[in-house]
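Report on one structure; see the data block that follows.
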Amino acid sequence: MDFTVSVYGAHMLVPEEGRTVAGIMRAAAGLGFDGIDLGYYWNEEKKAQELTDAKKLAEDLNLKLINYVSGNNFGNAIAENRLQAEIDKVKTALDEAAFFGCRNLRVFAGGYDLEWEKYSQGIADALAVCAEHAAKNNVVMAIEDHGALCKDSSEQLFYISTIDSPFLRATADIGNYWTHGNELPEQGVAAIADLAAMVHVKDYLIINNKFTSVPTGEGVIDLKQCFRILKDAGYKGTLSLEYECSIGEGRHGITTSLVNMRRAYAGC
């Protein structure tokens, strides 16, 4: 099993002033991650060169580039009459994923504060358009349980079954099932395990009746059970740390998370 880290979260390894994707990649490699999921923190004015440099740097650092990430929001784009621009954003991300040789692109549904009945089919239609572009690039889109109009496994399954394309699968964000969908992590993972293309790993404690992000392995999520479910389903992708903890020093927390992820997987 390869253990990767999302560039969102790994950015904490590098001071904000002077932060670059290259710097984040070097820091992630230095901690022993097998790979990194790119997609954020590009300098838009220098992006073309940064993409080329990052591809070469990944080879030099022996960092695997298996997943790419996009932060799209189809639901609110529909409501604000700017859907085409959001579709183009995902298509660009698919092109970039293909450039790096990534197998998967994490995507969102979006639709914050919007009604399921009114917007979910439009989101599905947008995903269908993007799935055609995904097929051309041979990159699988992996829709995440990220709240809004895709907050749990049942809503992920709606989009996947509606599109009915091998180029739309799921990102199983283990923590998000609980915090966004009020679904136990192991139940959410079990529901989509055979359709998972990506997995995001995070952990929480409940403090003062609120979810508090902590280093992976220091919370109450049963990571071993979640990993066992994925293993039993034949999941062959990576386990990607998406670090969101604001407690303590980021480097220490990310290092601790990687150690605990490896230990949990070995014990499942």
Side-chain angles (χ1 to χ4, degrees), residues 2-73 89-90 92-93 96-97 99-100 102 104-108 110 142 144-147 171 173-176 179-180 198-204 211-219 238-262:
D2 288 322
F3 293 83
T4 68
V5 62
S6 174
V7 69
Y8 173 72
H11 72 285
M12 296 184 190
L13 297 170
V14 180
E16 184 173 0
E17 185 176 355
R19 180 183 292 152
T20 63
V21 172
I24 298 170
M25 292 173 68
R26 290 189 182 94
L31 292 184
F33 283 97
D34 301 308
I36 187 168
D37 305 345
L38 299 178
Y40 295 157
Y41 306 107
W42 303 114
N43 183 325
E44 291 301 322
E45 295 180 357
K46 303 176 181 178
K47 189 174 184 180
Q49 187 60 53
E50 279 196 324
L51 292 171
T52 299
D53 292 346
K55 187 174 184 179
K56 176 63 166 56
L57 182 60
E59 294 174 357
D60 293 343
L61 295 173
N62 197 29
L63 269 181
K64 297 179 181 180
L65 302 179
I66 297 171
N67 306 313
Y68 203 70
V69 297
S70 174
N72 65 292
N73 184 333
K89 179 179 182 178
V90 172
T92 296
E96 292 170 1
F99 170 78
F100 284 117
C102 296
N104 310 303
L105 171 71
R106 191 282 312 276
V107 295
F108 294 149
E144 183 176 317
D145 50 310
H146 193 256
T171 295
D173 188 302
I174 291 173
N176 283 0
T179 59
H180 292 302
M198 294 175 60
V199 174
H200 278 171
V201 185
K202 59 185 63 161
D203 210 347
Y204 292 94
F211 288 108
T212 300
S213 180
V214 296
T216 297
E218 295 188 355
T238 69
L239 295 177
S240 179
L241 174 68
E242 188 176 50
Y243 192 77
E244 297 180 336
C245 177
S246 59
I247 300 173
E249 196 268 326
R251 178 176 294 271
H252 174 75
I254 290 171
T255 302
T256 298
S257 295
L258 176 59
V259 170
N260 289 339
M261 286 168 61
R262 291 188 186 276

Do Asp37 and Tyr8 have side chains that get closer than 4.5 Å, going by heavy atoms?
no
Do Gln49 and Asn43 have side chains that get closer than 4.5 Å, going by heavy atoms?
no
Using a 6.0 Å cut-off, check whether atom NZ of Lys56 has over 12 heavy atoms from anything other than its own residue.
no
Decide yes or no for Met25 and Leu38: does some side-chain heavy atom of the first lie under 4.5 Å from some side-chain heavy atom of the second?
yes
For Phe211 and Tyr204, take the angle between the two ring planes, folded into 0 to 90°, and tell me which bin it lands in: parallel under 30, tilted 30 to 60, perpendicular over 60.
perpendicular
Where the side chain of Asp203 meets the backbone of Gly219, is there a donor-acceptor pair that is under 3.5 Å apart?
yes
Heavy-atom check, side chain of Lys55 versus side chain of Leu51, under 4.5 Å
no
Interatomic spacing from CD1 in Ile36 to CD1 in Ile66 - rounded to 0.5 Å:
12.5 Å
What is the minimum heavy-atom distance between Ala28 and Leu13, and which atoms define it?
N-CD1, 4.0 Å
Shortest non-hydrogen separation from Ser240 to Val5 and the atoms involved:
OG-C, 3.9 Å
Minimum side-chain heavy-atom gap Met12-Tyr243 below 4.5 Å:
yes
Tell me if a side-chain donor or acceptor on Thr216 pairs with a main-chain N or O of Ser257 at a distance below 3.5 Å.
no
Got a donor-acceptor contact below 3.5 angstrom from the Asp145 side chain to the Asp173 backbone?
yes
Just so I know, are the side chains of Tyr68 and Leu105 near enough to count as touching, which here means a heavy-atom distance under 4.5 Å?
yes
Say whether Asn67 and Thr238, considering side chains only, have a donor N or O and an acceptor N or O under 3.5 Å apart.
yes
A quick test of your reading: do over 12 heavy atoms of other residues, nucleotides or ligands sit less than 6.0 Å from CD of Glu45?
no
So Ile254 and Phe33, do their side chains get closer than 4.5 Å, heavy atoms only?
yes
